[in-house]
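To start, the structure itself, in structure tokens.
Remember, it's a predicted structure, so these values are computed and weren't measured experimentally.
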Amino acid sequence: MFTRSKERENKRKTSLTLLGFLILTWVSSIESRFVVEKNSLRVTSPDDVKGTYDSAIGNFGIPQYGGSMAGTVIYPKENNKGCKDFSDFSISFKKKPGQLPTFVLLDRGDCFFALKVWNAQQAGAAAVLVADDVDEALITMDTPEEDSVSAKYIENITIPSALIERSFGDTLKKAIKKGDMVNVNLDWREAVPHPDDRVEYELWTTSNDECGVKCEMLIGFMKEFKGAAQILEKGGYTQFTPHYITWYCPQAFTISKQCKSQCINHGRYCAPDPEQDFSRGYEGKDVVVENLRQLCVFKVANETRKPWVWWDYVTDFQIRCPMKDKKYNKDCAEGVIKSLGIDLKKIEKCMGDPEADSDNPVLKEEQEAQIGKGARGDVTILPTLVVNNHQYRGKLEKGAVLKAICSGFEETTEPGVCLSDEIETNECLDNNGGCWEDKVANATACKDTFRGRVCECPLVNGVQFQGDGYSLCKPNGPGKCKINHGGCWHESRHGQTFTACVDHEDTCKCPPGFKGDGVNSCEDIDECKEKLACQCSDCSCKNTWGSYDCSCSGDLLYMKDHDTCISKSAAQAKSTWAAVWLSLIGLGMIASGGYLFYKYRIRQYMDSEIRAIMAQYMPLDSQTEIVNHSDDRA
């Protein structure tokens, strides 16, 4: 019994040793070159610390790709490594109204980077700076190894974080200790290059769905991001390429049980055992084969100019063919392929023979692609997202990733999906972002984008506002008076409304009966007092708002057009004569009409009758037919 147990233990150790050796072989074979993705940290005060410094973006949380964030740095007097809950020390980093967000400075050591950031976030921090505890080049703060405890808080980290050099951290601490207010600006606008109107990005992934928390996160992300990815691809805004990590088995172990179970093509292309147990479940080679199939799906779909179909296949495969249901196999995969209308024969041809003792062109290309080129380091972490040849750092979440991709477009060329609500910075919620606002018209110049808020005069109900967007925006063009009277003076009294707005005018002009600047005020003109109306000797004037009323004494009537008074009898006589003249004119028109009717209609008829009668007695030589309008009956 003891001998068998010891034998099993030795076999387990041998398997694990080989697995570790395979991983080391893969890492060394690609001559690893890890590139740290940085963002710019600019200190704006105090003066003796002012300047720009490098900081390494944490590989968790949500960096504000394409944007920037300003805040005040605080170094806690207690729990300065952030390994414990700050509430245990009655410490809060929540900002007060009108205050800049709080950036918490913590020391490296004693616990995971992610735990430090999580504890600071729980206490109200807007961002975290971790000061290195040794003098070395900056490194990327990564997530810890998978475990149920860390998984719960890692997926909920939403604030950005960055590692800074030890010397810079000491400088900040000294300034804070002196009582200086340390203000900094974290800038991610250059974290991703944005040279033109198309973004190229790639996702290094795996078909393995039994690798724990990271696999669950990856599957969830792909399902969530699929729609946005397909919109970008169909519109020609992006060029997406999926990749799969693979490595080879050392020559000395190619005939071993472990290599045979993890590799295809005689040890050339390998993947780790999904359960890390060679005695049960699926094998590493099953993962390699499905990875190869998914690569071929992309290649075939790309040849038909429908590369976005890859997203349909991988998400459908995850749903229909999971390892836990024992459906992770060729039959299930081919069922998905057929349902999507992909040519199965082309897929099989692309995959080749996994048992052949020769190179597979598709997988060999993947191994070469793992090696870093240019600004991109070697791909050593799964999953890895690369945008415009720069590795993405942060939480693999739809909004965060979309923001990173959108930051890769040249400014003003971003597609509509980049301006969606889910990736807005929501800066307009705080004091309207400092932009112009008209609460009456419910119009604002503040616009949230993934790059941060911008102040641009809006388009409201088809009317374009014009101005600087900060202190002034005025409606312009046709229809402008419908929106808060074009920003001009207006007032209503006794059911009457007067406005200084004129659609075809660029400026505000007080209406007749008023005087003023037309913007802030228009005062009623007293036409009676200023002798602008009712100047006849028999007139009496009464001023009204925006106009006037004139009346005449006795039985006189006021003629406004002539500004005079006339007697009622005269007015009646005048009306009578007017009626007579109108009647005469009417009779004249009727007579004229009768004359014209006679001239052009009756006379023509009479002429034709006369001609017919004369033709009976004096026939014309050229007349071949007599037109007779008389009745021929006896």
Side-chain angles (χ1 to χ4, degrees), residues 155 199-235 237-246 271 274 282 286-344 346-347 350-351 362 366 382-387 392 395-406 415 417 420 422-423:
E155 65 181 11
V199 171
E200 298 174 6
Y201 72 106
E202 54 193 54
L203 177 65
W204 289 82
T205 180
T206 178
S207 62
N208 182 2
D209 61 10
E210 286 291 328
C211 60
V213 177
K214 285 194 175 183
C215 280
E216 292 174 2
M217 175 193 66
L218 177 60
I219 291 170
F221 164 73
M222 295 180 74
K223 290 177 181 176
E224 188 182 32
F225 191 69
K226 169 186 167 183
Q230 290 183 323
I231 289 172
L232 289 168
E233 203 72 11
K234 288 178 181 179
Y237 303 114
T238 58
Q239 181 179 318
F240 168 73
T241 308
H243 288 292
Y244 296 81
I245 288 181
T246 184
Y282 289 97
D286 297 322
V287 175
V288 180
V289 170
E290 179 54 34
N291 288 349
L292 175 59
R293 183 178 288 110
Q294 294 187 6
L295 283 167
C296 287
V297 166
F298 176 76
K299 287 183 177 297
V300 171
N302 198 32
E303 289 172 0
T304 59
R305 297 184 179 181
K306 294 181 179 180
W308 52 84
V309 174
W310 176 87
W311 289 92
D312 291 318
Y313 174 78
V314 293
T315 52
D316 286 359
F317 182 82
Q318 290 164 356
I319 295 170
R320 296 172 58 180
C321 312
M323 289 182 174
K324 63 180 181 179
D325 294 342
K326 308 301 180 185
K327 294 181 179 179
Y328 187 92
N329 53 48
K330 179 181 178 181
D331 291 340
C332 188
E334 290 183 350
V336 176
I337 291 172
K338 290 176 182 177
S339 69
L340 295 173
I342 304 172
D343 193 328
L344 183 58
K346 288 185 177 180
I347 300 294
C350 170
M351 292 179 66
V362 177
E366 290 298 290
L382 272 179
T384 290
L385 180 73
V386 179
V387 182
Y392 166 85
K395 185 178 181 181
L396 202 65
E397 181 264 341
K398 178 184 176 182
V401 170
L402 188 56
K403 186 177 291 187
I405 290 174
C406 290
V417 69
S420 60
E422 59 191 304
I423 62 171

Per the ring pair (Phe, Tyr, Trp, His ring centres under 6.0 Å) rule, which among Trp204, Trp310, Tyr201 passes with His243? Trp204
Scanning both residues in full, the closest heavy-atom pair of Lys398 with Phe225 reads CG-CD1, 3.9 Å
Heavy-atom closest pair, residues Tyr328 and Asp286: CE2-O, 3.7 Å
Rounded to the nearest 0.5 Å, what's the gap from CD on Glu366 to OG1 on Thr246? Could you check? 9.0 Å
Side chains of Met217 and Pro383, heavy atoms from C-beta outward: is any pair under 4.5 Å? yes
Rounded at 0.5 Å granularity, tell me how far CD1 in Ile245 sits from OG1 in Thr205. 9.5 Å
Per-pair distances, 0.1 Å, donor-acceptor, side chain in residues 287-301, under 3.5 Å, sequence neighbours excluded:
residue, atom, partner, partner atom, Å
Glu290, OE1, Arg293, NH1, 2.6
Glu290, OE2, Gln294, NE2, 3.2
Glu290, OE2, Tyr313, OH, 2.9
Asn291, OD1, Ser207, N, 3.0
Asn291, OD1, Ser207, OG, 2.7
Asn291, ND2, Val287, O, 3.4
Gln294, OE1, Tyr244, OH, 2.5

Taking only residues two or more places apart in sequence or in another chain, which ones pass salt bridge (Lys or Arg N to Asp or Glu O under 4.0 Å) with Glu224? none
Can you tell if the side chain of Val362 reaches within under 4.5 Å of the side chain of Met351, non-hydrogen atoms only? no
Could you pull out every donor-acceptor pair under 3.5 Å between side chains of residues 329-344 and any protein atom, sequence neighbours left out?
residue, atom, partner, partner atom, Å
Asn329, OD1, Asp331, N, 3.3
Asn329, OD1, Cys332, N, 2.9
Ser339, OG, Arg320, NH1, 3.3
Ser339, OG, Val336, O, 2.7
Asp343, OD1, Lys345, N, 3.1
Asp343, OD1, Lys346, N, 3.4

Pair Thr241, Glu200 - check side-chain contact (heavy atoms from CB on, under 4.5 Å), show working. CA-CA 8 Å; Thr241 308; Glu200 298 174 6; over 6 Å; no
Taking atom NZ of Lys306 as the centre, report whether more than 12 heavy atoms of other residues, nucleotides or ligands fall under 6.0 Å from it. no
Just how far is it from atom CD of Gln318 to atom CE of Met323, taken to the nearest 0.5 Å? 11.5 Å
Spacing of CG belonging to Leu218 relative to CG belonging to Asn208, to within rounding of 0.5 Å: 10.0 Å
In short, Asp209 meets Pro322 closest at the heavy-atom pair OD2-CA, 3.3 Å
Can you tell me if Gln230 uses its side chain to pair, donor with acceptor, with the backbone of Trp308 under 3.5 Å? yes
OG1 (Thr315) and NZ (Lys223) are apart, to the nearest 0.5 Å, by 8.0 Å
One should read off an interatomic distance between Ile319 CD1 and Asp325 CG, to the nearest 0.5 angstrom, of 12.0 Å
